[in-house]
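Working notes, beginning with the structure itself.
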2 protein chains.
Amino acid sequence: MAGYPSIFVTVDIVVLTIRGERLHVLSIRRGEPPYVRRLALPGGFVDQDEDLDTAARRELNEETGLDIGDVWLEQLRTYGAPRRDPRARTVSVAYLAVLADQPEPEAGTDAAAARWWPVDELSPKRLAFDHATILADAVERARGRLEYAPLAAAFCADEFTIAELRRVYEIVWGRSLEPANFHRKVTRARDFVVSTGRREQRGSGRPARLYRRGGATQLHPPILRDTSLSS
Amino acid sequence: MAGYPSIFVTVDIVVLTIRGERLHVLSIRRGEPPYVRRLALPGGFVDQDEDLDTAARRELNEETGLDIGDVWLEQLRTYGAPRRDPRARTVSVAYLAVLADQPEPEAGTDAAAARWWPVDELSPKRLAFDHATILADAVERARGRLEYAPLAAAFCADEFTIAELRRVYEIVWGRSLEPANFHRKVTRARDFVVSTGRREQRGSGRPARLYRRGGATQLHPPILRDTSLSS
DNA sequence: ATAATAGTGTCTCTTAGACAATATTTC
DNA sequence: GAAATATTGTCTAAGAGACACTATTAT
């Protein structure tokens, strides 16, 4: 295989969460060229003896100091335009990660420059490399995954109410949903959520039942966005 | 970036077509170790100054000699387990390609060892590297894409009948479909197929209208597998 | 005429969305 | 009690599958 070009392989992770009713992404202020002071997705080089998923998990931990006990992590796609990094030829395997709301990343670590940004405040110009494209693809993927996978529960704390789950859909999709119909759909989907039997007061009004994540990996039946608008 | 590990980046392409009422995949008999005489997916190294999609297209052409004027080509996912290739650390960006039925690949080229194999005759043991996994993922992706994208038409010649399109669904999904309902769904989906106005006799019976691919990139509404079996 | 396939009509059942109605809290 | 939110009930319309029916060809 001597003579063949070898290339730097990185992972970049789009970490999404919801804070204060808005979708946020974790980004890092770059301290060095290229793209000094621009924002970048957390990521880094894949080690020589490391699986891609493992690399993503490691970088997420190193660069953010987040507790990533159960994080939703899935491969998004791979970006390899020849000049996407002006320093050298790199190919980046991008990941989508979803977390429940977290405290601000800890200072004093690699994560010092890490910050949560509302996705809709990040104009493409502010992001380094091709990270604006990666972010856009990730958000689109997340929107789609909500229909067929129990991704929404990953945005929630360990125990949550149906209304909180609905807020996830509403925020990520950017549209409001009928509480009554949503409730029925979620509880009908097999193993999406499991009732804890307990209730809890969140705000005013009747207290809601608490649920936790069920074992499903797919939603049956799916919870679809209304696509009839485009017909 | 000196000091960081550099890695070989390859593309591997799962080329699917339908021949004689069965789903086939293009594979290449390996002539050298590792995995001598085992079957492998067409693919190769990404050049230093080449986009990933371009590399996939180039390899497809070089290794198969196929006319790839309009081929369906989409990135599948990236495989990077540390020891997936015993010679060196490689990361492979896998692609799914779909073609209309083609003549047997030409001899005398790189494609000499290329052959179409029925997918269901390829036991995982016969495939080199992690290509059995890649193939399985690709077939699963294709099955899913049929629901939401006009992928089925890529399996057909330039002009085709609704019945031919239905056979694609039936073969890839492995289940039979109601001709009447299928006809309605396909013609209702916007810009999936466009009538040529002409008709053609294919076999006995009333001649069928000929269609060609429409401009849609998504199917509205989708053509769903009946998922009620799993409810 | 009979067989075969293309394409349309129609019936029934399920599901989605709209929204009324009830339940259980806080103020 | 009034307001707020949770949860259930019900109505209606659209879509899916089943299948009867018509259309157009070969034999």
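A note on names: the letters A, B, ... follow the listed sequences, proteins ahead of strands, and every chain is numbered from 1.
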Open item on the list: I'd like to compare against my own output: the B/S/- annotation of nucleotides 4-14 of chain D with a strict under-4.0 Å heavy-atom distance to protein.
Closed with: BBBSBBB----

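Taking the six-membered ring where the residue is Trp, the centroids of A:Tyr169 and A:Phe182 are separated by under 6.0 Å.
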Open item on the list: Before you tell me yes or no, could you show the steps for B:Glu140 and B:Asp137 under side-chain contact (heavy atoms from CB on, under 4.5 Å), namely the whole-Å CA-CA distance, both residues' side-chain angles and the distance that decides it to 0.1 Å?
Closed with: CA-CA 5 Å; B:Glu140 198 46 44; B:Asp137 290 351; 5.7 Å; no

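B:Arg30 meets the side-chain contact (heavy atoms from CB on, under 4.5 Å) test with B:Pro34, B:Tyr35, B:Ala40, B:Arg87, B:Ala128, B:Phe129; sequence neighbours excluded.
In this structure, A:Arg77 is positioned above the aromatic face of A:Tyr79, its NZ or CZ under 6.0 Å from the six-membered ring centre and within 45° of the axis.
Following rounding to the nearest Å, B:Leu177 (CG) and D:dC19 (C1') show an atom-to-atom distance of 16 Å. A straight line from CZ of B:Arg225 to C1' of D:dA16 spans 17 Å, rounded to a whole angstrom. Rounded to whole Å, the distance from CZ on B:Phe182 to C1' on C:dT5 is 15 Å. A straight line from CD of B:Glu178 to P of C:dT10 spans 17 Å, rounded to a whole angstrom.
Pairs passing the salt bridge (charged side-chain N to carboxylate O under 4.0 Å, His left out) check and including a residue from residues 125-135 of chain A, sequence neighbours excluded, read A:Arg84-A:Asp130.
Considering only the side chain of A:Lys185, C:dA16 comes nearest among C:dT25, D:dT25, C:dA16.
Two residues are said to be in side-chain contact when any heavy atoms from C-beta on lie closer than 4.5 Å; B:Phe192 and B:Ile223 meet this criterion.
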